[in-house]
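This report concerns only the one structure given below.
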Amino acid sequence: MTASATYPSLRDKRVFITGGGSGIGAALTAAFTRQRANVHFVDIAEPASHMLVDSLRREAVDHRVSFTSCDIRDVEALRAAIQDIEAKHGAIDVLVNNAASDERHNWRDVTPEFWDERMALNLRPQFFAIQAVAPGMIAAGGGSIINFGSISWKIALGEMPAYVAAKAAIHGLTRTMARDLGTSNIRVNTVIPGAVMTERQLDKWISPDDERQIQTNQCLKQRLLPVHVVPTVLFLAADDSAQCTAQEYVVDGGWC
Ligand SMILES: NC(=O)c1ccc[n+]([C@@H]2O[C@H](COP(=O)([O-])OP(=O)(O)OC[C@H]3O[C@@H](n4cnc5c(N)ncnc54)[C@H](O)[C@@H]3O)[C@@H](O)[C@H]2O)c1
């Protein structure tokens with residue numbers, strides 16, 4: 001499946017994606033670039049991110065895509081990356097808060113330090129990226145922010161309480177920021193993927209038996225892939241969704 005819709009309103013838009021170097025984020029980086037947007041992403045996966053930029057630039061010389069190495073747990077580094085992009089290219093129009101980590105952990109082993117570290121990756125950067133891009137969006141007269149949630153809390157998934165709690169909190173963050181920023185014509189929405197079969201998921205967690213179980217749970221009996229999540233994000237970034245805000249959009253093959 002490839003993205004079939006082209007959104008004229010995304011052309012030349014400045015898009016900032018966290019974790020845009022691999023997994024669903026890489027599919028988003030490629031898709032926004034192919035929409036002729038001006039795409040900037042941060043990630044810690046340096047070789048994968050450089051390879052992605054090189055391959056997109058090879059695909060078309062006018063593709064405008066850049067990568068900055070940045071660990072988003074470091075709020076100052078995240079702010080600096082956003083300021084640098086805005087100084088060079090202008091205010092960000094679309095923010096995609098995609099990066100996260102769903103490392104499994106047993107509730108018995110969670111320490112306060114581990115809990116704080118998971119929040120520093122899976123929740124805190126989403127807010128501070130919003131705080132950093134909002135002034136530019138306000139000055140520009142609007143913008144679109146897409147936060148990545150997860151079906152994990154809706155389906156009562158176990159074995160990673162700090163991740164699941166952070167992902168549930170993102171729904172509250174989306175709704176409160178949609179209220180605060182709506183007066184400036186900035187839309188804030190959550191996209192909620194189901195069990196998306198990225199290479200990492202297949203390598204680390206999902207066995208053939210797990211995948212059979214996932215498809216038993218889904219109404220649709222096909223493998224959910226990053227390309228299935230991308231069209232919803234493009235739509236929410238584009239002017240076509242001009243009156244959609246404070247909502248959550250589930251792409252899970254009909255599980256939760
Ligand atoms: N894949 C799924 O099944 C699934 C299900 C539900 C929700 N989601 C959500 O979708 C989003 C993308 O998921 P994914 O499966 O592609 O994740 P992933 O782990 O494959 O990729 C996330 C990206 O973020 C980057 N990253 C990780 N830690 C970082 C850090 N400290 N600083 C900067 N970048 C960092 C990674 O290098 C990677 O490129 C996440 O928010 C995830 O919670 C995914």
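Every number for a ligand or one of its atoms is a count from 1 in the order of the listing. Sequential numbering from 1 along the given sequence is applied to the chain's residues.
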| query | Are Asp93 and Val15 side-chain neighbours, meaning at least one heavy-atom pair lies under 4.5 Å? | reply |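 No. Closest side-chain heavy atoms not under 4.5 Å.
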| Residues two or more places apart in sequence or in another chain: which of them pass ring-ring contact (aromatic ring centres under 6.0 Å, His included) with Trp153? |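 Partners of Trp153 under the ring-ring contact (aromatic ring centres under 6.0 Å, His included) test: His171.
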| message | My understanding is that only residues two or more places apart in sequence, or in another chain, count here; which of them pass ring-ring contact (aromatic ring centres under 6.0 Å, His included) with Phe128? | response |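 With neighbours one apart ignored, the set is empty.
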| said: I'd like to know if Arg57 and Asp62 make a salt bridge, using a cut-off of under 4.0 Å between side-chain N and carboxylate O. | reply: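 Between Asp62 and Arg57 there is no salt bridge, as every charged N stays at least 4.0 Å from the carboxylate O atoms.
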| Do Arg34 and Glu59 meet the salt-bridge criterion of a basic N to acidic O distance under 4.0 Å? |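 Looking at Glu59 and Arg34, the cut-off is met.
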| With Ala99, which residues qualify under side chain to side chain contact (heavy atoms under 4.5 Å, CB included), at least two apart? |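 Per chain and number, Ala99 pairs via side chain to side chain contact (heavy atoms under 4.5 Å, CB included) with Thr18, Ile72.
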| task | Mind jotting down which protein residues get a heavy-atom contact under 4.0 Å with ligand 1? Chain and number order, please. | result |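 Close residues (ligand 1, cut-off 4.0 Å): Gly19, Ser22, Gly23, Ile24, Asp43, Ile44, Ala45, Cys70, Asp71, Ile72, Arg73, Asn98, Ala99, Ala100, Leu121, Phe148, Gly149, Ser150, Tyr163, Lys167, Pro193, Gly194, Ala195, Val196, Thr198, Arg200, Gln201.
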